[in-house]
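Read the structure below first, then the notes.
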Amino acid sequence: MIEIISEIFSSPILVRAMIVGILVSLCAALLGVSLVLKRFSMIGDGLSHVGFGALAIAAVMNLAPMAVAIPVVIIAAFLLLRLSSNGKIKGDAAIAMISTGALGVGVMAVSMSKGMNIDLNSYLFGSIMSVSSEDVVISVILSVIVLFIFVFFYTKIFAITFDENFAKATGTAADIYNMLIALLTAMTIVIGMRLMGSMLISSLIIFPALCSMRVFKNFKSVTICSGIISVITFLAGMIISYAAETPCGASIVCVNALSFIVFYIIGKIKKTT
Amino acid sequence: MILEVFVTALISIDNLTLSYENMTVIENLSFEVFDGDYLCVVGENGSGKSTLVKALLSLKKPDKGSIEFGDGLKKNEIGYLPQQNVAQKDFPASVYEVVISGCLNSRGIRPFYSSKDKKRALDNMELLNITDLKSRSYRDLSGGQQQRVLLSRALCATKKLILLDEPVAGLDPIVTAELYDLIKKINKSGVTVIMVTHDFPAALKYSKHILCMTEEDWFFGSREEFLKSKFVNFMRGGEELD
């Protein structure tokens with residue numbers, strides 16, 4: 001075990017993946033609590049598909065992947081919020097529409113560029129190799145921004161998550177904070193997508209929040225616990241992925257799913273005693 | 001010589017018209033809410049009560065007419081007790097977290113809560129007898145307890161005016177009576193109360209003024225005036241207005 005860990009830390013590629021992964025897991029878990037409770041879980045999923053489309057097009061057109069993906073995903077996030085709040089198209093349908101649409105565009109783009117060296121598999125399911133040292137710098141900066149904004153606006157995020165109408169009625173600009181959450185989510189997804197894969201990144205948002213909601217009963221503990229669970233499951237997933245030579249995104253999702261079962265059982269036991 | 005006591009209106013509604021797309025819900029409604037008042041808004045379904053609530057909370061813009069806040073009442077100083085929504089029922093939040101979130105409107109951009117906010121939250125919990133529920137989870141409380149939590153959150157948001165939207169819906173008679181007593185106590189302490197309700201007997205028992213809305217018409221006046229008007233029969237027996 002210790003041998004595996006020391007091996008991981010001696011490889012620069014793995015260390016980069018670790019840094020990005022820990023930060024992304026933390027951001028995703030904190031935002032996830034609010035997203036899950038606002039019934040926006042699927043937004044994460046929708047945005048990651050949009051991110052896939054953007055990455056594919058960036059690769060085909062030979063542009064910097066992050067520079068294309070970040071603005072596109074942010075625009076998609078605002079669009080999704082608007083669509084689901086003005087009520088003409090229901091939120092879930094809007095997400096399904098945008099995400100499958102973007103996926104279609106992405107797959108088309110990749111298949112049309114036969115000559116190029118694009119690995120569809122790594123886009124969809126993530127790869128440690130795709131994390132460059134440039135990505136690490138961008139990830140660290142973006143994650144720090146996300147974490148800082150989350151802590152600074154924590155009380156507002158609680159209020160609009162718990163009861164948006166009350167928050168609006170008493171003068172909190174709920175729409176702006178909704179946009180802020182969407183913006184932070186979009187940033188987190190783009191950072192994490194290359195490591196986790198666009199099919200799997202939304203699990204980082206959903207699982208930790210659902211796990212801690214089984215056991216804890218107030219918002220603060222749920223938020224803190226989600227952060228901790230997320231980082232631990234990420235590390236466990238990475239170690240398993242290294243030891244068993246499985247893809248890291250999938251390994252992390254499996255650890256998360258397992259921890260959900262554990263927390264579900266703990267929650268049940270806690271209720272009966 | 002007659003001395004007229006001039007009471008300034010906390011809210012003046014003048015010729016208010018509200019509509020959705022092209023359907024007018026409220027037309028030319030005028031009334032005033034005075035400092036220390038207990039106003040009950042009654043009326044049939046579809047008469048525009050909830051639309052009026054939205055307009056009072058500045059969530060809906062008037063198509064015509066105006067809503068003016070007097071006496072230093074700011075738009076964000078209305079404490080609001082919303083109708084229950086289902087999404088909240090499994091929300092992990094402690095009673096204290098919910099109550100103190102009412103203090104947010106006085107915080108502006110500043111993060112976290114001050115010790116003054118914390119004291120205010122605790123005082124309001126004391127007032128509504130929920131101090132012992134402080135660290136309990138909101139979702140595990142009974143309906144009556146939840147309403148008291150939301151009421152003390154509303155009190156954190158205001159010192160002047162609370163707006164209650166169907167506060168007793170779904171509560172049993174004993175809990176309902178308790179809640180009415182608390183609302184009366186809050187009103188006596190100087191907070192103006194506007195209550196939208198289907199509970200007509202309670203409206204007659206507690207209110208100082210009544211706003212009665214039907215699809216075609218509306219009445220506003222003191223409770224005594226209301227009892228003499230034709231609207232009272234309509235509300236009691238559901239008879240048609242002539």
Side-chain angles (χ1 to χ4, degrees), chain A residues 32-41 85-88 91 147-177 180 208-226 263 267 270-271, chain B residues 50 53-60 74-114 117 134-141 149-150 153-154 156-158 161-163 165:
Chain A
V33 176
S34 185
L35 290 170
V36 166
L37 288 166
K38 282 174 85 67
R39 306 290 184 265
F40 279 170
S41 311
S85 66
N86 79 9
K88 291 236 166 63
L147 291 175
F148 178 78
I149 293 180
F150 186 88
V151 173
F152 192 85
F153 290 114
Y154 170 78
T155 52
K156 273 96 173 167
I157 289 172
F158 170 80
I160 63 154
T161 308
F162 181 70
D163 189 346
E164 193 170 315
N165 276 330
F166 178 84
K168 269 188 191 163
T170 52
T172 302
D175 292 334
I176 292 178
Y177 292 108
L180 191 72
L210 286 178
C211 287
S212 42
M213 274 163 65
R214 295 308 108 198
V215 174
F216 292 98
K217 299 197 160 172
N218 66 65
F219 196 75
K220 203 184 213 169
S221 336
V222 168
T223 307
I224 293 170
C225 176
S226 298
F263 275 83
K270 223 178 147 190
K271 217 172 202 177
Chain B
S50 20
V53 167
K54 280 189 189 155
L56 286 173
L57 295 169
S58 316
L59 297 179
K60 182 157 176 48
K74 289 192 200 104
K75 266 186 190 171
N76 64 1
E77 276 182 339
I78 300 177
Y80 170 48
L81 182 71
Q83 282 178 305
Q84 284 273 322
N85 78 47
V86 195
Q88 285 173 19
K89 295 234 161 94
D90 63 342
F91 199 101
S94 70
V95 167
Y96 178 70
E97 283 178 316
V98 174
V99 172
I100 202 167
S101 74
C103 294
L104 205 62
N105 61 345
S106 57
R107 298 294 303 156
I109 191 82
R110 289 168 295 172
F112 317 118
Y113 295 110
S114 67
D117 295 329
K134 189 181 170 206
S135 47
R136 288 273 299 277
S137 184
Y138 177 79
R139 65 181 167 191
D140 295 340
L141 303 179
V149 172
L150 296 185
R153 176 183 67 167
C156 282
T158 187
L161 176 78
I162 51 172
L163 177 57
D165 196 356

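Lettering follows sequence order; numbering is per chain, from 1.
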So for [X], is it side chain, backbone, both, or neither that comes closer than 4.5 Å to the heavy atoms of chain A?
X        : result
B:Arg136 : neither
B:Leu81  : neither
B:Ala157 : side chain
B:Val98  : both
B:Ile78  : backbone

Among [options], who wins on heavy-atom pairs under 4.5 Å with chain A?
options                              : value
B:Ala93, B:Ser135, B:Cys103          : B:Ala93
B:Leu104, B:Val95, B:Thr158          : B:Leu104
B:Tyr80, B:Tyr96, B:Tyr113, B:Phe112 : B:Tyr80

For A:Ser226 and A:Met213, run side-chain contact (heavy atoms from CB on, under 4.5 Å): C-alpha distance rounded to whole Å, both residues' side-chain angles, the deciding distance at 0.1 Å, then the answer. CA-CA 9 Å; A:Ser226 298; A:Met213 274 163 65; over 6 Å; no
Near [X] [atom1], under 6.0 Å, is it more than 12 heavy atoms from other residues, nucleotides or ligands?
X        : atom1 : result
A:Ile176 : CD1   : no
A:Lys220 : NZ    : no
B:Lys54  : NZ    : no

Mind telling me whether A:Phe162 and B:Phe91 have parallel, tilted or perpendicular rings, with 30° and 60° as the class edges? perpendicular
What part of [X] is in contact with chain B, defined as an atom under 4.5 angstrom from a non-hydrogen atom: side chain, backbone, both or neither?
X        : value
A:Val151 : both
A:Thr170 : both
A:Phe153 : side chain
A:Thr161 : both
A:Phe152 : both

Quick one: CD1 on A:Ile157 to NZ on A:Lys38, what's the gap to the nearest 0.5 Å? 10.0 Å
Roughly how far apart are B:Leu59 CG and A:Asn165 CG, rounded to 0.5 Å? 6.5 Å
Here the pair of heavy atoms bringing A:Arg214 nearest to A:Phe263 is CB-O, 3.5 Å
Pick out which of A:Val215, A:Val222, A:Thr223 makes a side chain to side chain contact (heavy atoms under 4.5 Å, CB included) with B:Pro92. A:Val222
